[in-house]
Amino acid sequence: MANIENFATPSSAMGALKRPVVTKGWREWVFTVDHKKLGIMYMATAMFFFVVGGLEAVLIRLQLALPNGKILNADLYNQMFTMHATTMVFLFVMPMAAGFANYFIPLQIGARDVAFPRINAFGFWALLFGGLFINLSWFLGGAADGGWFMYAPNSGPIFSPSHGVDFWALGLQIAGIASLTGAINLIVTILNMRAPGMKLMRMPIFTWMILVVQFLLAFAVPVITVALFLLSFQRNFGATFFDVAAGADPLLWQHLFWIFGHPEVYILILPSFGIISEVLPVFSRKPLFGYPFVVFSGAAIGFVGWGVWAHHMFASGLGPVSVAVFSISTMAIAVPTGVKIVNWTLTLWGGKLWFTTAMKFAIGLIVLFTIGGLSGVTHSVAPSDTQQTDTYYIVAHFHYVLFGGAVLGLFSGFYYWWPKMFGKMLNEKLGTWNFWFMVIGMNLTFGPMHILGLQGQPRRMYQWTENRAGEGFFNLAFWNLIASIGSLVLVVGVFLFLVNIFITARSGKVAPLDPWGARSLEWMTSNPPKEHNFDSIPTVHHLDEFFHRKYAEDANGQMQQIATAEEVLKQLEDNADAHIHMPSPSYWPIVIAFGLPVTCLGVIYSIPLAIFGGLIILMGAFGWALEPSTAPDTDFDPPSSSNTSKDVVHVG
Amino acid sequence: MFTPGSKYLIAITGLSAVSFALYMLLVHPSAIGAVALIGLLAATSLLTGITLFTRDGHASEGQTSAAALDTPTPSMWPLVGAAGFALLLVGTITTPIVFIFGIVAMLAALVEWTVQAWSERSSADVAYNAQIRQRILNPIEYPILAAVGIAVIIFSFSRVMLAINKDAGAIIFIAAAAAISLVGVLISVRPQLKKSIVGTIAVVAALGLVGAGIAGMGVGMREELVVAAQEDHYAHKECGAEKSEHFDKGVSETISATSGADATIELIDGKLTAHAQGIEGLQDSITVRRSNPINIIFRNKDAGEFRLSAYLGKTKVADGVSEDLITCTQLLPQGAEQWLTFTIAKPSVSGEPYTLSIPGLAGQSVEVVVP
Amino acid sequence: MNHIKNASDAASRVNMLTRVIGRLKPVILGTAGTMFLASCATNAPQDTWQPKGPNAQKIDSLQKPVFAVAGIIGLIVAAAVTYSIIKFRDRGQPIPKQSHGNPALEITLTIIPALILAVVGVFTFRTVFDLNKTSDTQMIINVTGQQWWWEYDYPANNEYGITQPIITSGQLVIPVGTKVMLRETSRDVIHSYWIPALNGKRDAVPGRITINRIEADEPGIYAGQCTEFCGLSHANMRMEAVALSKEDFAKWVANQLKPYAAPAEGTLAKEGETVFLNQCTRCHQVNGLTRADGTPVIAAPDENVWSGAVPNLSHLMSRNTFAGAMFDLLTPECRNDVWKSDSASFGAKYLAGVSEPCLNQTDLRGWLRNAPAKKPMYANPAQLAATGGKYRGMPNLGLSESDIEKLVAYLLTLK
C-alpha cells in the first residue's frame, strides 16, 4: 500500500471524462448544472419563443384584419396558426414556468440545488433543441399545418404531405422528454429537499402549484407520447392507427390528445396561479387568504382535470350520456377555480395594497382570468358549446385564460423576482406602461373575438368573407379590424418589456436586499443568490418564514418590525455551514440532448443518420455514467478557487 | 497523449481499415473475406478504443508495476471461460443453442477477464482497482443484464400465457400484478427489511417464473392458437359456408370503434335484417355512400355458426375476365358480433345489386344501395 | 378593521364615490348590456343568437340565462376587486393583522357557485337528451363531407315524392316544419356540419355515422360553415341550408327527378355538351347524359380523385352556389334578391334557379379557366407522392376560351 500517490488519481486516469471546471465565458453556461443558471436559460429560451410565437400571431391578425386577406396564403396561414399555438404552449408558457420553477423552487424550499442537477441540465437542452427542431421545419419544406390539436386523419401523410407534421411530432417528443425529466426532478426535489421544519403545509404556494403541475406532467406527457408515436408510425412507417379503411377510428387520436390536452391547460395556468399567490400577499402585506383552500383547490384541479377531456369533443358525436357527464364534470372543475379567485380577492380585502407593476399584473390576472373562466362555464353547457366550439368565442375564451391568466402571471413574476435574479430593479414606470399596453392590447385583441365567435365566425379560417360578416357599423369586419389593431398594441406592450430589460441591464437601479418586503425563503439570501443559495440552511417555523423573522405582533396585536432583512441575512451568514457540497458541471447533458434531434432528423430523412444520433446518445449516456462524481481541486485554474472563503465542494 | 501501446494498435486499426477498403474496391469481394476483414477492423478498433480510453501502457516515470505490489484478486472468469468452451464443444454435437450459449459465455469471459486483468495493474489499491473495473464495465454490464432479465421475464411469462386458456390467463395476469404491487408496498413500508430477505423473494420469484415458463413451453400453445396458426384465418381466404375453427370469437371487441357504425346487420330466426344508424325500425336494404369506407356490425343471434358475406360487384382481372369482389366476417357463433369495413366505388346499377348475405342460407340478403 | 375608521378625508371621499357607483350600478349594468348588444353586427348570417328552428331555440333558451349568470358573477368579482383596490390601497395604515382566512366564509363562497352550477347542470342535462331525440324524425338526408365541399343524398322517400335517390351538393334543401335528420360522415378527414340558425354543430367523422337533427321554422336561406379544421381550404368549405315550404319542396324534388334534356342540335350548348363529355365526365356525373352512341355516361371519380367523389352536376343551375358554396352562381344583385326576399316570395325566387342574366360569369369562368387559382387545393398529384397519382381537388384543365364559352352555355342548360 505504499506510494499510492505515485499512481494515477481517478480524474487523470479517466482522461477525457474529467468534469468541466471552467467557470468563465460560454462554457460556464453550456456545461452548467446550476439550477439558477438553467432557470435563466429556460426563461431566455422561452422569451425567444414568445417573440417568435408573437410574430406568428401578428401575421395571423394582419391576414384577418380585412376580408379576403392576402398577406398569407392558405397553406402558410395553416402553418402559422399551428405553430403559433405549438410555440406558445410548448415553447413559451411551459418552459417559462419551468424556468421559474427551476430558479425558485430550491430557493423557496431552502435547498442548494435540485435533486438531479445533471438531469436538470439535460432537460433544458432537450427543450431548446426540441424547440429549434420543430422550427427547423420552416426552412425544410414547411411547418406543421394540422393545428396544434393535429386531428387524425388530417395529420396523415396524404393530407399533410410536407414533413412539417413529422418535425412537429418528433420535436414535441423531445420537448416531452424534457418535461418528464423536469417533472420527476422537481417532484423529488420538493418532497425530499425541503429545509428543516418546512412541512408540506408550510410550503410557499408557488412551490405547491408547481408540485401539482409536475404530477400532472408526469401523468399527462406519457399519454401524448403514445399518441405522437402512433402518429409518427402512421406517417413514417406505414402504420394504420387512424386509417378508417383499415377499420381504425380517428376519434382515438382525439381521446388521446385531449386526455393529455386538458391537464395541459392546468399545466399552463397553475404556475401563474402560484406566482400571483406569492405576489398578492406580499403587496397586500397580509398572508394569502385561506392558504389550505388554495392548496387543496389546486390539488383538486389536478385531479378533476383528468375527468373533463371530452368537453373538447362535444360536437364529435359521442352520444348524449358521455356529453352530459362530461358537461357536468366540466362545471364541477369551475368550483375549485372559483375558490382561487375568491381567495385572491379576499387577500386584497383589508390589506395595505402597494401597486407595483408586479401587483398590477397580478390584479389584472384576477379580473381577466375571471372573464376567461366564466366564458369557460358558458361552454361547459354542452348544447351551447355545440354553437360555440371552433368559433372565435373559444379563441377569446382561452386567450383570456392563457393570456389574461398564464401570461399576466408570468409577467407579474418577472417584475417581482427580477431583483432577486439579477440584483437590479426593472423600471417601474416603464413597467406601468408595459402593463397598460398589454392589458388594453389584450382586451382589444381578444375582447372582440367574443362577439366574432357568437356571431358565427369560425376559427382557423385563412380568410373571412364580407358575405358572412353581417351589416351595421359594428359588423364582423369592424371587430376583426379592432382585434388586429389590438394585437399591434399588444406588440408594443411586449416590446416595452424588452426595452425595460435592456434599460435595466444597462443602467438599472441596484436592488435593495428586500425591495418588496417579501415573505418567503427565496428572499432570505443575497441578490442574486450565491451559487450555493444559502450560507446556512434556515430552519422553518412558519408559513411565510421570512416575514415572521422580520415582523412580530406587539402587545396590542399590531404587527411591528423586529428585524431588517439585512439583519436576518447577517444571522444566516454568521452561522454559515462549514462544508457545502455543490454539484460539478458536466459535459454530457448537452451531448445527449443533442443526440435527440439528430436521431429525429434521421427518422425523417435517413435511418443511418438516426443510428448515428442513437450512437451520440449512447456515447453520452456512457460518458454520463463514467465521469467522476467530482472534479478534484487540482483541476481548477487557479487550483481550488472554492477554498478561498468557504469550503464549497463540488460533487456529483 | 498517445502511449506506445496505443500507437501500435492505432497503426493496426488503420492498416486493417485500409486493407478492408482496398479489398472492397480492388479485389472482387467475397462475403467471407469481407466479414473477416471487417471483423479484424472491429476487433482492432475496439482494442484501440479501450487502450486510448484507459491510457493503458502509459508508463510515466517513477511508476512501478502495480502487479508487483499486489496479488491478483480471485476471479470467476477462468471458470466461465472454460465452461463456455465446454458448452461450445457440447453444442457442436447437440443443438446449436448450446453452441451459442458457449460462445456468449466465452465472449463475456474474454471481455471481463481482459478488463479485470488490466484494472488490477493500475494501482496497488484493491478497492481502487475494483472501482476502475466497475467504472468501465458496469455501464456495459447493467444494460445487458437488464435486457437479458427483461427478455427472460417476457419469454417465460408469454409461454405461460400462451399455454393456459384465456380466462385463466386474465386471472393469472391480475394475480401476478397484485403480487408485484403487494411486494412493492411491503418493501416500501419496511425499507429496513433485510437485503437477504428481499433477495430471496426476488430469486424465488424469478426461479418460479422461469420454471413456469419452461413448463409452459413443454405444454405448448393452447389448442385454439394451434388451429388458428394452421388455418391462417386472417387471410380471409374463403367466404363460403365452410366450417372452420376460429379462436377469436369476439374480434369486434378488438376494434377501437364500437359505436357509430353505418348499420348493424342481425341474423335472427333465420332472417337477416338491417338497422341503419339513426333510422328507426328494421330495413331490408341500406343506403351507403359511394367511395366511402363503410363500417357495419354483423351480429349472429341464431343458433349455429354463420358469417356475413358482402358482394361488392365485379373487378376486372384481365381483358374480358372479371371476378366477384367479396369480403366477409369470420364464422360467428350465436351471440357473437363482428365489425366489417368495405368500400364501394361505383354506384348501384339496376339488375346487379350489391348485397350482404349469409353463405349457406338461401333467400336472405340485405341490399346495399349506392346512389 | 379599526384603523380604517381613522382614514383621511380622501378615503371618505373615495367611500362616497363608491357609494354613488353602487347606487348607479343598475343603470351601468343596463347600459353595458345594451351597449354590448348594440355593438354586435345586425343580420350576421351565422349569428348563434338568432335561432330560426326549434333545436337552435332550445340551445338559445338554455344559454342566454347562463350568459346572464356568468355576466353577473363577473361583475361581482370585478366590483369586489375594484372596491378593494380603491379602499385598501396603502395610505400609511399599519400592517394589517396576519389573518390566514375564514373557513366559514370560504365554505359559503364555495358552496354558492357549486349550487348555481348544479342548477345549470340540471337544465343542461335535460337539454342534452332533448336535443338527441330522434324517434320523431320525418325525413332523412345523408350528408357527406370531403375536402372541401358537402354532398347531400336524399334516399328514396315516397312521402316526399322522392322516388329515386337524389344527389346534390352546395345547398341542402329541406321542407319547413319538418324534422330532418342528417346522417353525417366524411370521405377523408373530419369535418363539422354547422348551420347556427338551425342547430349546433356536429362533426362528420370518417368511418362513423353521426346524427344531427335540424328543422327550420320559416322558408329562407341559412348560412353555415365547416367548423372542424379540414386542411387547406377549410375556410372555403361553406354550406347553405335552403328551407322551402312543403309545396315548393315538392316542386324542387320534381325538378331534381326531371330526366336529362340534351341541348338542341346546332346550339352553342350542344357544342358545350361535347366539351363536357371530353373534359369533365371522367369525374363529374350528370344523370342521364349519354355518349354519341347512346351509352350512359358513368363518371369514375374514384379513379381520378383521392376522396373518390366530386359534386354531381345534374341540375346545377337549380343551385345558387358552386365549388363547395365558396362562389355564388348568382350575380351579387340576384343573390341579394333571393337572400333578402320575405318568406312568402322566397320559394318562387329560389326555384327559378339561375338564368343567364343572373349568372355570375366572372367566378364561373375563372373557375373553369384555372380552378386551383380560385380555391387552394392540392390539385397537382405530382406534389402528392402518397395519393398514387390522384387529384385532391379540381385541377387546371387548360381549357381554351372558346371551350369555356361553350361549357358555360351548356351548364346553363342544366336547370
Side-chain angles (χ1 to χ4, degrees), chain A residues 74 147 151 153-154 157-159 161 244 285-287 289-291 293 315-317 320 323-324 327-328 331 335 338-339 342 345 348-354 366-367 370-371 374 377-378 381-384 386-387 390 451 454-456 458 460-463 468 470-472 474-476 558-559, chain C residues 39-49 59 62-63 66-67 70 74 77-78 80-81 84 88-90 93-96 98 100-101 106 109-110 113-114 117 121 124-125 127-129 131-132 189-190 192 196 200-203 206-207 210 223 225 227 229 231-232 234-235 376 384 386-387:
Chain A
Y151 275 4
N154 193 35
I158 285 173
F159 302 110
V244 179
R285 299 275 172 260
K286 68 194 269 278
F289 189 90
Y291 169 86
F293 281 86
S316 66
V323 167
S327 190
I328 302 295
M331 291 175 193
V335 174
V339 166
V342 165
T345 312
L348 298 175
W349 199 277
K352 175 178 155 73
L353 308 187
W354 178 14
I366 303 179
V367 175
T370 304
I371 296 175
L374 289 167
V377 170
T378 61
V381 177
S384 38
T386 61
Q387 289 284 27
D390 283 322
I451 298 172
L454 290 176
Q455 296 216 293
R460 298 163 188 146
M461 297 202 307
Y462 76 101
Q463 284 178 339
R468 304 282 166 106
E471 295 150 9
F474 293 112
N475 62 4
L476 301 192
Q558 295 280 358
M559 296 309 292
Chain C
S39 61
C40 293
T42 40
N43 294 332
Q46 290 169 195
D47 195 341
T48 63
W49 280 18
I59 296 175
L62 175 68
Q63 73 177 353
V66 177
F67 272 102
V77 172
V81 171
S84 311
F88 300 112
R89 59 187 221 268
D90 189 355
Q93 71 263 42
I95 291 175
Q98 299 296 297
H100 282 274
E106 193 96 42
L109 287 175
T110 310
L117 285 168
T124 302
F125 219 89
T127 312
V128 166
F129 283 93
L131 285 169
N132 273 277
V189 304
I190 302 175
S192 192
K201 53 188 76 68
R202 180 57 39 97
D203 289 358
T210 51
Q225 169 91 38
T227 42
F229 178 65
L232 206 55
H234 167 61
L384 278 172
T387 62

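Each chain gets a letter, A, B and so on, in the order the sequences are listed, and its residues count up from 1. All values reported here derive from a predicted model rather than from experimental measurement.
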**Request:** Examine whether an atom of C/L131 lies under 4.5 Å from a heavy atom of chain A, and if so say whether it belongs to the side chain, the backbone or both; otherwise answer neither.
**Result:** side chain
**Message:** Working to the nearest 0.5 angstrom, can you tell me the gap between C/T124 OG1 and C/F129 CZ?
**Reply:** 12.0 Å
**Message:** Less than 4.5 Å to any heavy atom of chain A: does that hold for the side chain of C/H100, its backbone, both, or neither?
**Reply:** both
**Request:** For residues C/Q93 and C/F88, report the shortest heavy-atom separation together with the two atoms involved.
**Result:** NE2-O, 3.6 Å
**Prompt:** Measuring heavy-atom distances to chain A, does C/N132 have an atom under 4.5 Å in its side chain, in its backbone, in both, or in neither?
**Reply:** side chain
**Fill in**
Looking only at A/E471, A/R285, A/Q463, A/M559, the option with the highest number of non-hydrogen pairs under 4.5 Å against chain C is A/E471
**Asked** Non-hydrogen atoms of chain C under 4.5 Å away: do they reach the side chain of A/L348, the backbone, both or neither?
**Response** both
**Asked** What part of A/V342 lies closer than 4.5 angstrom to a heavy atom of chain C: side chain, backbone, both or neither?
**Response** side chain
**For C/V66 against C/L62, the heavy-atom pair lying closest together** = CG2-O, 3.3 Å
**Message:** So which atom in C/A44 and which in A/Q455 form the shortest heavy-atom distance, rounded to 0.1 Å?
**Reply:** CB-O, 3.9 Å
**Request:** Please report the closest heavy-atom contact between C/P96 and A/K286, naming both atoms and the distance.
**Result:** CG-CB, 3.9 Å
**Complete:** Residues A/L454 and C/D47: closest non-hydrogen pair is O-OD1, 3.3 Å
**Asked** Is chain A contacted by the side chain of C/L232, its backbone, both, or neither, given a heavy-atom distance below 4.5 Å?
**Response** both
**Prompt:** What distance do A/T345 atom OG1 and C/L109 atom CG have between them, rounded to the nearest 0.5 Å?
**Reply:** 9.5 Å
**Prompt:** Of all heavy-atom pairs between A/Q387 and C/T48, which one has the smallest distance, and what is that distance?
**Reply:** O-CG2, 3.8 Å
**Request:** Name the member of A/G338, A/G317, A/A74, A/P383 that forms the most heavy-atom pairs with chain C at distances under 4.5 Å.
**Result:** A/P383
**Message:** So for C/T210, is it side chain, backbone, both, or neither that comes closer than 4.5 Å to the heavy atoms of chain A?
**Reply:** side chain
**Prompt:** A/Y151 versus chain C, heavy atoms under 4.5 Å apart: side chain, backbone, both or neither?
**Reply:** side chain
**Request:** Could you check which of A/G147, A/S316, A/S327 has the highest count of heavy-atom pairs closer than 4.5 Å to chain C?
**Result:** A/S316
**Message:** At a heavy-atom distance under 4.5 Å, which candidate from C/P206, C/G121, C/G74, C/S192 has the highest pair count against chain A?
**Reply:** C/P206
**Complete:** The interface call for A/T370 against chain C, heavy-atom contacts under 4.5 Å, is side chain
**Prompt:** Rounded to the nearest 0.5 Å, how far apart are NZ of A/K352 and CZ of C/R89?
**Reply:** 12.5 Å
